Amino acid sequence: MAVPDLTPAKIVAILAFCETRTPQAWVEQACARVPELLLDHANCELKAASTAIGFLYRYPERSRLAERMSRLAREELRHFEQVKKLLQECGVPYARLSASRYAATLRQAVRPGEPDRLLDTLITGAIIEARSCERFAALIPHLPTELAGFYAGLLASEARHFEEYLGFAKSETGVDDRTIADRIAELKSIESALITDPDPQFRFHSGAPFPELP
Ligand SMILES: [Fe+2]
Ligand SMILES: [Fe+2]
C-alpha cells in the first residue's frame with residue numbers, strides 16, 4: 001500500500017520537520033516483530049493521552065490549551081483502544097513493555113521553571129507526534145494491508161497533533177519566534193540521535209538496530 005495521499009504538503013512538512021529518516025534496518029526489524037511493535041504502540045498511545053492530561057493538571061488556567069488537551073486525551077485513548085482491539089484480533093495478549101530510551105531522554109531535556117517547561121513540553125510533544133507520523137509513513141508500504149490501512153488512518157490524525165503542539169508553543173508561551181526556533185533545533189538534534197544511533201532495544205521509537213554479529 002502506498003503512503004496515503006491525505007495532504008501531500010502536510011507529509012512533506014512532517015518529513016522536513018523530522019530532518020532524519022527512520023533507518024531502513026529499523027523498518028525491516030519492525031516488520032519482523034509486529035506483535036512487539038503493536039504492544040509498544042499501544043503503550044505510546046496511552047502515554048500520549050497521559051501527556052495531554054498532564055497539561056490539564058499543570059496549566060488549568062490556560063483555558064484554550066486545557067480544552068484542546070482534554071479532547072486530545074480522549075482521541076489518544078481511542079487510538080489506544082483501537083490498537084488493543086487489533087492486538088486481540090491478532091491473538092497477541094496485552095502486556096506492558098519496558099519503556100524505551102526515547103521518551104525518557106526527551107523528558108530529561110525539558111527545563112524546569114516557566115515558561116521554559118511549558119515551551120519544552122509542547123515542542124517535545126510536536127516532535128514525538130511528527131516522528132510517529134514519519135514512522136507510520138515509513139512502515140505503511142511494507143505492512144500487511146489491514147495494518148497498513150489502520151496506520152494510514154492514524155497518520156492523518158497524528159499529523160494534526162504535530163501542528164497543534166507547535167501552534168500552542170507559539171501562542172501559549174509568550175516566547176519570541178527566534179528563541180522558539182532555536183529550542184526546536186536543539187531538541188530535534190537530541191531526538192534525531194535517538195532515531196539514528198544504534199539501540200539495543202526494539203520499540204516503536206527505538207533507534208537503528210545493532211548490526212547482527214556474523
Ligand atoms: Fe495517537
Ligand atoms: Fe497523537
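As the structure is a prediction and not an experimental result, all values here were calculated from the model. In listed order, ligands and their atoms are each counted from 1.
Summarising the local packing, CD of Glu186 is surrounded by more than 12 heavy atoms from other residues, nucleotides or ligands at distances under 6.0 Å.
Residue pairs meeting the salt bridge (Lys or Arg N to Asp or Glu O under 4.0 Å) criterion with at least one member in residues 133-142, sequence neighbours excluded, are Arg21-Glu134, Arg131-Glu134. Residue pairs satisfying the salt bridge (Lys or Arg N to Asp or Glu O under 4.0 Å) criterion with at least one member in residues 143-163, sequence neighbours excluded, are listed as follows: Lys10-Glu163, Glu75-Arg160.
With a cut-off of 2.8 Å, the protein N/O/S atoms near the Fe ion (ligand 1) add up to 4.
Centroid-to-centroid, the aromatic rings of Phe136 and Phe204 come within less than 6.0 Å.
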Sequence neighbours left out, cut at 3.5 Å: what donor-acceptor pairs do the side chains of residues 81-95 make with other protein atoms?
from	atom 1	to	atom 2	distance (Å)
Lys85	NZ	Glu89	OE2	3.4
Tyr94	OH	Asn43	OD1	3.0

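Paired with Glu164 under the rule salt bridge (charged side-chain N to carboxylate O under 4.0 Å, His left out), one option of Arg64, Arg68, Lys170 passes, and it is Arg68.
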